[in-house]
Structure formats: structure tokens, C-alpha cells
Chemist: 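Can you read through this structure? Questions will come right after.
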Number of protein chains: 2
Amino acid sequence: MTIRLILAEDQSLLSSALAQLLDLEDDLEVIGTYGDGEEAFKHIKYEKPDVAILDIEMPKKTGLEVAEEIDRQKLPVKVMILTTFANKNYFQTAVKAHVHGYLLKDIPSDELIQSIHEVVAGKTIYSPELVSSILGDVDNPLSDKETQILAEIRKGGSTAEIAKTLYLSNGTVRNYISSILSKLGAANRIEALNIAEKRHWL
Amino acid sequence: MTIRLILAEDQSLLSSALAQLLDLEDDLEVIGTYGDGEEAFKHIKYEKPDVAILDIEMPKKTGLEVAEEIDRQKLPVKVMILTTFANKNYFQTAVKAHVHGYLLKDIPSDELIQSIHEVVAGKTIYSPELVSSILGDVDNPLSDKETQILAEIRKGGSTAEIAKTLYLSNGTVRNYISSILSKLGAANRIEALNIAEKRHWL
DNA sequence: CGCTCACTATGACATTTGTCATCTCACTTC
DNA sequence: GAAGTGAGATGACAAATGTCATAGTGAGCG
């Protein structure tokens with residue numbers, strides 16, 4: 001029985017190289033490769049592959065959104081996330097969406113092939129590097145509101161604008177920012193952004 | 001005559017997939033794959049491959065630095081840059097280093113293989129998407145100093161810190177920033193960073 | 001030669017940002 | 001129902017940031 005695969009990955013070089021390579025395996029068959037989440041989802045839904053390999057950051061719909069949709073509709077597909085990002089939030093979202101694999105792009109292709117087989121055999125595979133790196137991650141000390149505000153800061157808005165979009169008073173926003181800065185040990189907004197980004201908290 | 005290749009790419013999945021795929025071609029032979037610029041350079045220097053395919057953003061040494069070093073030492077190697085980044089500065093640096101190819105990772109792998117052959121045959125290949133996207137780029141209105149200061153801003157330093165590291169007065173830095181903001185139509189530093197980054201000016 | 005432009009600088013000013021103490025109000029929780 | 005707790009708010013203050021006018025220097029150019 002050959003395993004039917006769909007690939008969703010927006011970097012054509014990787015996508016095409018991978019597709020050709022997987023196709024060379026005699027029990028694997030790549031029935032489609034798609035460069036954005038929406039297309040990929042459509043084809044997953046109607047062509048019912050055995051395994052869907054999804055990148056996270058893609059146009060239109062992220063791999064995580066696709067995974068959640070598949071989970072919600074209980075489509076009979078094994079979902080594997082394949083990403084560069086060893087990011088706690090991404091990983092947790094993926095786990096909640098009951099994905100069958102979460103692999104980082106820093107593995108060799110043999111390992112990917114092996115993982116596909118294991119997933120089809122019923123295993124669930126989380127990249128060990130990832131799990132340990134996640135466990136090793138310093139815990140995000142920011143509250144939800146603080147994180148939300150930091151995200152607004154990243155967009156470049158002033159205190160006043162942030163206050164308006166979040167329906168808070170000017171002073172409250174400044175208090176939150178003050179607290180963010182002290183929690184992150186930053187001296188200003190930009191430093192805070194850099195720190196939070198480096199630690200995968202954004 | 002088979003073409004001997006060295007690959008420098010820090011994303012293992014792509015690196016290994018590509019290596020296997022290229023090796024399948026009967027006139028191509030991948031004699032080494034390396035995950036950082038320094039290692040790659042050493043092996044390029046002593047194993048003298050026909051072609052070196054370099055990613056830009058890698059640990060230790062970027063692909064561009066490797067390319068410059070190869071150019072300076074006049075090593076008899078065809079250099080091809082393979083990157084995600086359609087960034088004017090990167091591209092210009094690469095051209096100055098006399099690379100023989102500059103390709104984006106959004107091409108299919110067949111095209112890469114074909115390009116390798118063309119480069120070996122003496123052609124110089126610049127990704128057409130890139131060239132046109134570069135030509136379509138709005139010209140950077142910032143002066144060198146302004147760009148330099150914006151780069152310092154990105155690191156998160158305060159006006160005073162920037163002034164100190166660049167040996168300028170506090171007021172001068174503030175004037176430059178003021179000018180940057182007005183040129184970019186930004187209301188504050190963070191917005192300026194976002195705009196400059198989006199337009200590939202950083 | 002004069003002109004423009006980039007670079008550097010000052011001072012004065014308004015605004016924004018960051019800090020801190022303090023307060024209210026709605027919810028738990030015991 | 002009293003004591004916490006956490007989200008949100010205020011006001012006052014200091015420091016940083018942004019704006020503007022003005023000015024000196026030197027390089028490059030027609």
C-alpha cells in the first residue's frame with residue numbers, strides 16, 4: 001500500500017525538492033504540493049491523502065489554521081507540521097489541534113521520511129530538539145494583556161493609538177508598558193521587542 | 001566530466017534534500033554540505049569544487065562574506081548565492097563580489113539544476129524575479145548616516161547610547177532621527193523601523 | 001566661483017514616554 | 001461578609017523623544 005501525501009510549503013525550492021525526493025521512495029506518493037494554506041486545505045479535504053505535511057507560515061492560511069480546521073472537521077488525515085519555528089505558542093497550538101507530528105526543518109530528509117512512516121503506523125512524533133528546547137525555554141512572564149500590548153507596540157503605534165485600539169486609557173497602557181519593560185529588563189519599547197522576539201514570546 | 005559541488009545551507013532539511021536530489025543527476029556530484037559559512041569556506045578553499053552554492057544567513061560567516069573572501073583570493077570556483085531574501089543591499093553586495101549566480105529559494109529545484117549547468121557553462125545568472133523586484137524598489141531616500149542610525153535604533157539603544165557609539169552629539173542624533181521620520185513618513189522610531197524593513201532598506 | 005548637499009552642532013520648545021503611589025471596582029475564596 | 005486579587009484608572013513627576021530654526025564645515029559640481 002503506498003502512502004499518499006500532500007505537501008503545503010510556500011518556499012518552492014524546498015517544496016519541489018522534497019516532493020521529488022519523497023516520490024522516489026517506493027511506498028510514498030506525493031499527490032499534490034501547494035504554496036498556500038487555503039489551496040492546501042481544499043485539496044486535503046477532497047483528495048483525502050493519508051498524510052498532510054504543513055509548513056506554518058504560509059499565505060492565506062497558516063499550517064496551524066489548516067490543522068485546526070482538519071481537527072474540527074475530523075478529516076481522516078495524519079497531519080504533520082514542518083516548520084523552522086521552535087516557538088512555544090506554535091507548538092502548543094499544534095498539540096491542541098491534535099497533530100500527529102511536529103518537526104523542525106533542521107532535520108535531514110531521511111529523518112522526515114522515517115517520521116512519515118512512523119506517523120502512518122500510528123505514532124505521534126514531536127521533534128525531540130523542540131520539546132527539550134521548549135522545556136528549556138524561560139517561561140513567558142508577560143500576562144495576556146501585556147503580550148497583546150507588546151504586539152501593538154510592534155506595529156509601531158503610539159501609546160494613544162494602542163489605548164484606542166484596545167479600549168484602554170492612555171495611562172493604563174503606559175502602566176502596562178512600564179510593567180513589560182521591568183519584566184523584560186528593557187529600557188524602552190524597542191529593546192523590549194527585541195528581547196521578546198529573541199525568546200519566542202511574540 | 002562531472003561537476004563537483006559544495007553546498008552551504010544551515011537548514012538541514014533543505015540542505016540534505018537538495019544534496020540528494022542534485023546527486024541524482026549523473027553529471028553532478030555533491031562533495032560536501034556545510035551548515036555554517038566558516039566550515040564551508042575552508043572546504044571550498046581546499047577541495048576546490050567547481051561550484052559553491054551559498055545561503056546568505058548562516059552562523060559564523062554569511063554566504064556573502066564567503067563570496068567576498070573567494071573573490072578576494074581569486075579561488076577558481078563558481079559562486080552561486082541561494083537565498084530567501086530579495087534585498088537590494090544583499091544583491092548589490094553579491095554583485096560586487098562577482099558571484100556567478102544569485103537565485104531565490106522560490107524557484108523549483110529543476111530550475112536550480114539548470115542554472116548550475118548554465119553557470120558552469122560560463123553564464124552569470126541573476127534571478128529575474130529579483131532583478132525586476134529590485135528595479136521596482138522605491139529608491140532609499142536615507143543617507144548613509146541616517147541608515148546607520150536607523151540600524152542602531154533597531155538594536156534598541158536610546159538616543160544617548162546611539163550618540164555614544166557613533167561619536168555624535170545627542171542633539172545631532174535626534175536631528176537625524178527627526179529627518180528619518182519625516183522622510184519615511186513615520187511618527188516614531190518603531191514605525192520607521194517597520195517601514196524601512198518592509199521596503200528592504202535595512 | 002558660487003551652489004548644493006551631507007554632516008555636525010546648539011538651544012528652545014512641545015510632546016511622548018516611563019515611573020510611582022494610590023484608587024476603584026468586580027471577582028474569587030475562605 | 002471580610003480579605004485578597006487583578007484589571008483598569010488617575011495624577012504627578014522626570015526623562016526621553018521629536019521639531020524647528022539656525023549655523024559652521026567640507027566635498028562635489030557646473
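Residue numbering restarts at 1 for every chain, and letters A, B, ... go by the order of the sequence lines. Keep in mind that this is a model prediction, so the values were computed, not measured.
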Chemist: Mind calculating the distance between CD (A:E161) and P (C:dT15) to the nearest angstrom?
Modeler: 16 Å
Chemist: Counting heavy atoms from C-beta on, name the nucleotide in D:dA9, C:dT8, D:dC20 closest to the side chain of A:N175.
Modeler: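 So the side chain of A:N175 is nearest to D:dA9.
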Chemist: Would a line drawn from the ring center of A:Y90 to the ring center of A:Y102 be shorter than 6.0 Å?
Modeler: no
Chemist: Measure the distance from CD1 on A:I180 to P on C:dC20 and round it to the nearest whole Å.
Modeler: 16 Å
Chemist: Rounded off to whole Å, could you give me the CG-to-P distance for the A:D144 and D:dG8 pair?
Modeler: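 After rounding, the gap between these two atoms is 11 Å.
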Chemist: Using a 4.0 Å heavy-atom cut-off, does B:T172 contact any base of the nucleic acid, only the sugar-phosphate backbone, or nothing at all?
Modeler: base
Chemist: Taking atom C1' of D:dA15 as reference, at what distance in whole Å does atom CZ of A:R174 sit?
Modeler: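 To the nearest whole Å, that distance equals 12 Å.
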Chemist: Does the pair B:E152/B:K155 count as a salt bridge with the N-to-O cut at 4.0 Å?
Modeler: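 A salt bridge links B:E152 with B:K155.
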Chemist: Over how many whole Å does the gap from A:R189 atom CZ to D:dA16 atom C1' extend?
Modeler: 11 Å
Chemist: Would you say A:T159 places a side-chain N or O within less than 4.0 Å of OP1 or OP2 belonging to C:dT16?
Modeler: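 Answer is no, no contact under 4.0 Å.
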Chemist: Do you know which of A:T33, A:V30, A:D10 makes side chain to side chain contact (heavy atoms under 4.5 Å, CB included) with A:S15?
Modeler: A:T33
Chemist: How long is the line joining NZ of A:K164 and C1' of D:dA9, in whole Å?
Modeler: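 Whole-Å distance recorded here is 18 Å.
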Chemist: Answer yes or no: is there an ion pair linking A:E161 with A:K164, defined by an N-O contact shorter than 4.0 Å?
Modeler: no
Chemist: Considering only D:dT19, C:dT19, C:dG18, which nucleotide approaches the side chain of A:S178 most closely?
Modeler: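 Out of D:dT19, C:dT19, C:dG18, the nucleotide with an atom closest to A:S178's side chain is C:dT19.
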Chemist: Are B:K61 and B:F41 in a cation-pi setup, meaning NZ or CZ lies under 6.0 angstrom from the ring centre and within 45 degrees of the ring axis?
Modeler: yes
Chemist: For D:dA7 and A:K145 - does any side-chain N or O of the residue sit under 4.0 Å from the phosphate oxygens OP1/OP2?
Modeler: no
Chemist: What's the closest nucleotide to the side chain of B:Y176 if the choices are D:dA7, C:dC7, D:dT10?
Modeler: C:dC7
Chemist: With nearest nucleotide decided by heavy atoms, which residue, B:N170 or B:S143, maps closer to the 5′ end of DNA chain C?
Modeler: B:S143
Chemist: Can you tell me the distance, in whole Å, between the CD1 atom of B:I149 and the C1' atom of C:dA9?
Modeler: 13 Å
Chemist: What's the CG-P distance between A:L168 and D:dG8, to the nearest Å?
Modeler: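 Rounded to the whole Å, the gap is 6 Å.
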